[in-house]
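For reference, positions follow the sequence shown, starting with 1. Only heavy atoms go into these numbers, but all of them, side chains included; no hydrogens, no water, no symmetry mates.
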Amino acid sequence: MMQPESKIYVAGHRGMVGSAIVRALRKQGYNNIITRTHQELDLTDQKAVKSFFEREQPEYVFLAAAKVGGIIANAEHPADFMYENMMLEMNVIHSAYMAGCRKLLFLGSSCIYPRLAPQPMPESCLLTSSLETTNEAYALAKISGLKYCEYLNRQYGTDYISVMPTNLYGPNDNYHPLHSHVLPALIRRFHEAAEQGLDKVVCWGDGSPLREFLYVDDLADLCVFLMNNYSGNETVNAGTGKEVTIRELAETVARVTNFTGRIVWDTSKPNGTPRKLLDVSKATSLGWTYSTELEAGIRLAYEDFLTNPYRAER
């Protein structure tokens, strides 16, 4: 288990997940935390990453760094998403191994699971059928990181684990109008519509897809919990076990942002995967469960948005 004085490196500490992990670690008494900005350490630079690990010798690593985006970003830049994510993952994981890191936790995404996976999706359904085409490049990169951890465990006896979160939201999210995920995009869109007194907001698709959302600080608590309490080659799903339609989500965001106009659905735009619900029984059996309900979490996220409104050009 990690000790209060353990040297812990959080890769991606300025992002939504990484910053939440840093908050969780500090809250639980871990103070020897190493961080580097992208300007200080480019994780796609193999030589720089190797030198960093040789110099700093972290005992534990949370790999939360990633190039992320919504449907449009994934569709328009698949090569960039695959290259940057695979490079940074392989560099960090391999350098951690070479430097003798005690334990590493890799953050993936539920998009690694097949488009038409059984619902709810168990960890065992990985690689059983085709991926969702709209984010295939990102999913393949994440699968590669997960599998590299597994192969290092099998070949060299490392203790590298992975966690696959569902859709995340919360403080430090990205609210870019085109390159963000569905929930932060809706928060920005409805906020601006309410602010401008618009009578309608147009949303993509028909509102029927089902989605699960997890508040990022709940994920961070799970990550620290798993680092101290779980070892194994199979990933661990992180979610709530609950789902809502995109239509219900939009209505909740409208309520939180005080938008009183109409919601119009543009059915010429794609829906994405029809349903994505994780089977979280494994995490539950280990002793963890989420604590933040969706509307309460959206209100917290909206408060964060208002204090640092757009975070739009990252």
Side-chain angles (χ1 to χ4, degrees), residues 11-12 15-18 20-21 43 62-75 77-78 80-90 92-93 104-117 119-150 160-170 172-174 179-185 209-216 218-220 222-223 226 234-241 243 272-280 282-283 290:
M16 178 173 63
V17 174
I21 290 173
L43 296 180
F62 291 87
L63 178 42
K67 179 180 177 64
V68 299
I71 291 177
I72 294 178
N74 276 275
H77 307 287
D80 296 343
F81 275 86
M82 174 170 275
Y83 175 80
E84 291 187 35
N85 282 298
M86 288 191 72
M87 286 295 290
L88 71 86
E89 291 165 8
M90 294 301 161
V92 171
I93 297 168
L104 178 146
L105 183 145
F106 172 70
L107 268 297
S109 166
S110 60
C111 71
I112 67 168
Y113 294 127
R115 181 177 189 274
L116 298 177
Q119 299 292 327
M121 297 181 286
E123 290 87 352
S124 60
C125 74
L126 180 65
L127 296 176
T128 55
S129 61
S130 300
L131 298 166
E132 163 62 34
T133 56
T134 56
N135 54 20
E136 183 180 75
Y138 180 72
L140 287 170
K142 286 297 184 180
I143 292 170
S144 296
L146 178 158
K147 284 295 183 180
Y148 188 46
C149 288
E150 177 185 332
Y160 292 177
I161 61 175
S162 62
V163 57
M164 293 300 124
T166 188
N167 300 289
L168 300 170
Y169 68 100
N172 263 350
D173 211 338
N174 174 17
H179 301 152
S180 58
H181 289 105
V182 60
L183 184 43
L210 290 160
R211 291 291 183 272
E212 176 186 23
F213 295 92
L214 178 67
Y215 190 63
V216 70
D218 288 348
L219 170 66
L222 173 62
C223 289
L226 291 175
E234 189 176 66
T235 189
V236 179
N237 287 340
T240 63
E243 57 190 345
T273 306
R275 191 184 185 201
K276 281 175 63 176
L277 177 66
L278 292 180
D279 180 343
V280 294
K282 184 173 182 177
Y290 80 101

Inset, instruction - Measure across L126 and K147 and return the closest heavy-atom pair with its distance rounded to 0.1 Å. - result: CD2-CE, 4.3 Å

Legend entry - Residue pair A238 / V163: nearest heavy atoms and the distance that separates them: CB-CG2, 3.8 Å

Legend entry - Member of L219, L63, L146, L168 meeting the side-chain contact (heavy atoms from CB on, under 4.5 Å) criterion with L107: L219

Inset, instruction - Examine distances only and state if a side-chain atom of T235 and a backbone atom of S162 form a donor-acceptor pair shorter than 3.5 Å. - result: yes

Legend entry - Any donor-acceptor pair under 3.5 Å from N167 side chain to F213 backbone: no

Legend entry - Nearest-0.5 Å distance that lies between atom NE2 in H181 and atom CE in M16: 8.0 Å

Inset, instruction - In plain terms, say whether E132 and K276 are close enough for a salt bridge, that is, a side-chain N and a carboxylate O under 4.0 Å apart. - result: no

Legend entry - F106 and K142, any side-chain heavy atoms less than 4.5 Å apart: yes

Inset, instruction - List the atom of F62, the atom of C223, and the distance in Å for their closest heavy-atom pair. - result: CE2-O, 3.7 Å

Legend entry - Point-to-point distance, once rounded to the nearest 0.5 Å, from CG of L116 to OG of S129: 6.5 Å

Legend entry - salt_bridge(E243, R275) N-O dist < 4.0 Å: yes

Inset, instruction - Could you tell me whether the side chain of N85 and the main chain of A66 form a donor-acceptor pair under 3.5 Å? - result: no

Inset, instruction - Determine whether K282 and P122 make a side-chain contact, defined as any pair of heavy atoms from C-beta on separated by less than 4.5 Å. - result: no

Inset, instruction - Take L105 and I21, measure what side chain to side chain contact (heavy atoms under 4.5 Å, CB included) needs, and give me the verdict at the end. - result: CA-CA 11 Å; L105 183 145; I21 290 173; 5.6 Å; no

Legend entry - Which atom of N237 lies closest to which atom of E123, heavy atoms considered: N-OE2, 2.9 Å

Legend entry - Rounded distance [0.5 Å steps], CD in Q119 versus CD in E212: 9.5 Å

Legend entry - Minimal non-hydrogen separation, G239 against T166, with atom names: CA-CG2, 3.8 Å

Legend entry - Gap separating the CG atom of D279 from the SG atom of C125, nearest 0.5 angstrom: 9.0 Å

Inset, instruction - Could you tell me whether the side chain of L277 reaches within less than 4.5 Å of the side chain of L210, counting heavy atoms only? - result: no

Legend entry - Side-chain heavy-atom pair M82, S144 within 4.5 angstrom cut-off: no

Legend entry - Non-hydrogen side-chain atoms of Y113 and L278 separated by less than 4.5 Å: yes

Inset, instruction - Measure the spacing between OH of Y83 and CG of L88 and express it to the nearest 0.5 Å. - result: 10.5 Å

Legend entry - Where G170 and V216 come nearest, the two heavy atoms and their spacing: CA-CG1, 4.1 Å

Legend entry - Value rounded to 0.5 Å, distance of CG in L140 from CE in M86: 8.0 Å

Inset, instruction - Take E136 and S130 through the test side chain to side chain contact (heavy atoms under 4.5 Å, CB included) and record every step on the way to the result. - result: CA-CA 9 Å; E136 183 180 75; S130 300; over 6 Å; no

